[in-house]
Chemist: 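Here it is, the structure in full.
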Amino acid sequence: MRVERPEIIARATEHIPRMVALIQKLAEGGAAYQTEDGSWYFRLAAFPAYGKLSKKDLSGMQDGARVDLDEYEKDSARDFALWKAAKPGETFWETPIGRGRPGWHIECSAMAMEYLGDSFDLHAGGEDLMFPHHENEIAQSETATHKPFARHWMHVRFLLVDGRKMSKSEGNFFTLRDLLLKGYKASAIRLALVSVPYRHQLNFTFDGLAEATNAIDRLRTFHLRLTQGNFAAGSNPALQAAAQTAQSDYLAALSNDLNTAEARAPIFDLIRASNTAIDQGQLFRDDRDAILCVLASFDAVFDVIEDRDAEPTHRALEWAAQSGRLNEVAPELLARQALTDEAIDALVAERTAAKKHRNFSRADQIRNDLAQQGIVLEDSKDGVRWKRK
RNA sequence: GCAUCGGUGGCGAAGUGGCUAACGCGCAGGUCUGCAAAACCUGUAUACGCGGGUUCGAUCCCCGCCCGGUGCUCCA
């Protein structure tokens, strides 16, 4: 899917001392306490701002009668674990605060502070983590440092599939690999997923995928038209201005809480303006260069215009071959894979020759055959362009 | 039940207290083309869930209702 690798992949097991230090600091301030079994808990009463992220008001949630019996040792039912004492048979670390393993939340605080400092700009996560995990991270971090933890939180909403939660029992569960083997391009999946801003819920459907596929077609066709066309030297002031507007509107949309839906609009606006100009012979070399720059800037984030779809599909097919599941692969996909670029070029050349001799039936036959295999031909002043559907 | 997010044209989806409510996709007609494709133009008749309220004015603010998502126990 061409998602970038993080610069740092931190492992909790490699940061135990850091976590222990954090717990000790909390204990010194009276915000952490140890129970009889050796576990450490965070005292929620030590952090009055608790609940500020998920806007929960805990004042109405008194420690009730339904507290589990095994939690009797805690001062308050809502206090959460910082460190869990080792139980027989479990792996554990031998530390100054005892034998055991870290609680869920402390590892995130410790590692975030290790690499980003006590305060940092962005903390992201799924919407399900807002409460209690991120709330607990804030509580333990800010109590320890007396500084704001993350300045901004980005919570990604879960996607729906066909209007429902994706789950195996609903029968609407599939992996990226499944989609690739059905013949969908990686870029289409990518564009479909960002067609709704991260903050909004995305309903993932096959119609949506088909739509994204078509949108990518438009982007790529236009890109080809620019890179393969011949343009006269010079520039068109109106297009230069349009390119600049598109670029700044695009960046403004992304700056606006990563509004990916809004960010697409100026790019498509520019495409229409440019196509119109090309049709009228009013697009020149300098304009082409300026517009290609805008497209590159779009692709630096969205990464769908340049066609890199072959590799993920190949990998999926290899997997299918190795696990004996080629029979589950969409037949069109297999047919498409059979054609090499060279073979296509040869057929295109044969068709051009046939056209020259006004043998249109042979020319059309070649075009139709290729279309059957997912190759689309476009005649233009500057020669024949072809693309894989 | 409580909390929270959302319900915009045929579909997806931005956005705004008042100018013709972006953009994409689809469909129909037209221009171009040997025919197509691509591209462009035009259209898709009254698109802002329902009912109140605030306001000179609400799709946007407030209240209620309906529908959908998620959280509200543990574990990571």
Side-chain angles (χ1 to χ4, degrees), chain A residues 12 51 53-58 60-61 64 66-68 70-71 77-78 80-81 84 101-105 107-108 126-135 155-161 163-166 188 191-192 194-197 199-205 207-222 224-225 228-229 246 249-250 253 256-257 259-280 283 351 354-356 358-361 363-365 367-368 370-371 375-382 384-387 389:
Chain A
L53 177 68
S54 52
K55 296 177 200 150
K56 277 190 192 302
D57 180 9
L58 299 184
M61 301 185 189
R66 300 189 339 183
V67 176
D68 290 347
D70 60 344
E71 296 190 343
R78 294 205 153 255
F80 58 87
K84 298 191 177 178
R101 57 189 179 87
W104 168 28
H105 318 292
E107 58 193 48
C108 293
E127 60 173 327
D128 57 325
L129 296 180
M130 189 188 289
F131 181 87
H133 183 229
H134 293 157
E135 209 68 77
H155 287 104
V156 180
R157 226 164 272 288
F158 285 161
L159 57 71
L160 302 177
V161 173
R164 283 178 301 178
K165 187 158 50 161
M166 180 159 88
L191 190 64
V194 295
S195 63
V196 175
R199 193 176 274 287
H200 289 319
Q201 200 154 45
L202 166 71
N203 186 16
F204 191 87
T205 62
D207 283 350
L209 261 187
E211 213 180 284
T213 304
N214 291 339
I216 284 176
D217 256 11
R218 180 162 168 82
L219 290 166
R220 289 185 179 170
T221 301
F222 174 67
L224 272 179
R225 200 178 186 197
Q228 298 191 354
D249 287 355
Y250 163 71
N256 179 22
D257 197 19
N259 193 332
T260 46
E262 195 185 348
R264 293 168 48 164
I267 302 302
F268 283 99
D269 283 337
L270 179 62
I271 290 177
R272 190 177 329 96
S274 305
N275 271 325
T276 303
I278 296 175
D279 287 351
Q280 298 170 346
L283 189 143
R351 171 170 172 273
K355 272 177 65 180
K356 216 170 226 167
R358 304 197 64 79
N359 183 356
F360 292 122
S361 64
D364 288 352
Q365 187 199 345
R367 186 172 61 197
N368 290 338
L370 284 173
I375 310 298
V376 181
L377 300 191
E378 291 172 20
D379 295 336
S380 80
K381 280 193 297 254
D382 305 311
V384 183
R385 290 188 291 258
W386 64 263
K387 61 191 178 193
K389 194 79 181 152

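What you are looking at is a predicted structure, and each value in this text was computed from that prediction instead of being measured. Just so it is clear: chains get the letters A, B, ... in the order the sequence lines come, proteins before strands, and each one is counted from 1.
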Chemist: Tell whether A:E211 reaches the base of B:G24 with its side chain through a donor-acceptor pair below 3.5 angstrom.
Modeler: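 In this structure, the two groups form a donor-acceptor pair.
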Chemist: Give one of base, sugar-phosphate or nothing for A:H133, where a contact means two heavy atoms less than 4.0 Å apart.
Modeler: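 Contact class for A:H133: none.
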Chemist: Does a side-chain N-to-carboxylate-O contact under 4.0 Å join A:E378 and A:K387?
Modeler: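 Salt bridge flag = yes for A:K387 with A:E378.
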Chemist: A:P197 near the nucleic acid: base, sugar-phosphate alone, or nothing, with a heavy-atom cut-off under 4.0 Å?
Modeler: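 Touches sugar-phosphate only.
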Chemist: Just wondering, do A:F158 and B:G69 stack (centres under 5.5 Å, planes under 30°)?
Modeler: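 Here A:F158 fails the 5.5 Å or the 30° condition.
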Chemist: Just compare B:G34, B:A39, B:A76 and give me whichever is closest to any side-chain atom of A:R101.
Modeler: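 Looking only at heavy atoms from C-beta outward on A:R101, the closest nucleotide is B:A76.
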Chemist: Within less than 4.0 Å of OP1 or OP2 of B:C25, is there a side-chain N or O belonging to A:N214?
Modeler: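 Result: no.
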Chemist: Quick one: label A:R367 by what it contacts on the DNA or RNA (base, sugar-phosphate, nothing), any heavy atom closer than 4.0 Å.
Modeler: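 Touches a base.
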Chemist: Return whichever of A:E127 or A:L202 has its heavy-atom-nearest nucleotide of RNA chain B closer to the 5' end.
Modeler: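 Between the two, 5'-proximity favours A:L202.
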Chemist: Select one nucleotide: of B:A14, B:C25, B:A76, the one nearest the side-chain heavy atoms of A:R218.
Modeler: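 For the A:R218 side chain, the nearest candidate turns out to be B:C25.
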Chemist: When both hydrogen-bonding distances must be under 3.5 Å and the geometry is Watson-Crick or G-U wobble, what is B:A28 paired with, if anything?
Modeler: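 Paired with B:A28, as far as the under-3.5 Å criterion goes, is B:U42.
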Chemist: A:R157 side chain to A:R199 main-chain N or O, any donor-acceptor pair under 3.5 Å?
Modeler: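 Flag set: sc A:R157 to bb A:R199 pair under 3.5 Å.
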Chemist: Quick one: look up who B:G17 pairs with, Watson-Crick or G-U, both distances under 3.5 Å, and put none if it's unpaired.
Modeler: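 Answer to the pairing question: none, since B:G17 forms no Watson-Crick or G-U pair.
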Chemist: Suppose you measure atom C1' in B:U8 against the same atom in B:G15; what distance do you get, rounded to whole Å?
Modeler: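 Between the two C1' atoms, the distance is 10 Å.
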Chemist: Under 4.0 Å between a side-chain N/O of A:R272 and OP1 or OP2 of B:G24, yes or no?
Modeler: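 Yes, such a contact exists.
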Chemist: Across all strands shown, which nucleotide pairs with B:G34 by Watson-Crick or G-U wobble geometry, both distances under 3.5 Å?
Modeler: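 Pair assignment: B:G34 / none.
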Chemist: When all nucleic acid strands are considered with a 4.0 Å heavy-atom cut-off, which category describes A:K381: base, sugar-phosphate, or nothing?
Modeler: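 Since no nucleic acid heavy atom lies under 4.0 Å of A:K381, the category is nothing.
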Chemist: B:U70 pairs with which nucleotide, Watson-Crick or G-U wobble, both distances below 3.5 Å?
Modeler: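 By the stated definition (distances under 3.5 Å), B:A3 pairs with B:U70.
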Chemist: Answer with base, sugar-phosphate or nothing: what part of the nucleic acid does A:L160 contact at a heavy-atom distance below 4.0 Å?
Modeler: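 Sugar-phosphate contact only - A:L160 comes under 4.0 Å of backbone atoms but never of a base.
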Chemist: A:A215 near the nucleic acid: base, sugar-phosphate alone, or nothing, with a heavy-atom cut-off under 4.0 Å?
Modeler: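 Contact class for A:A215: sugar-phosphate only.
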Chemist: Students often get this wrong, so: under 4.0 angstrom with heavy atoms, is A:F268 touching a base, only sugar-phosphate, or nothing?
Modeler: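 Result for A:F268 = sugar-phosphate.
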Chemist: Classify A:K165 by what it touches in the nucleic acid, base, sugar-phosphate, or nothing, heavy-atom distance under 4.0 Å.
Modeler: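 Since only primed, P, OP1 and OP2 atoms lie under 4.0 Å of A:K165, the category is sugar-phosphate.
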Chemist: What is the distance, to the nearest angstrom, from the CG atom on A:D128 to the P atom on B:C75?
Modeler: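 After rounding, the reported distance stands at 15 Å.
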Chemist: Should the side chain of A:N203 and the base of B:G69 be counted as holding a donor-acceptor pair, with the cut-off at 3.5 Å?
Modeler: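 No, no donor-acceptor pair under 3.5 Å.
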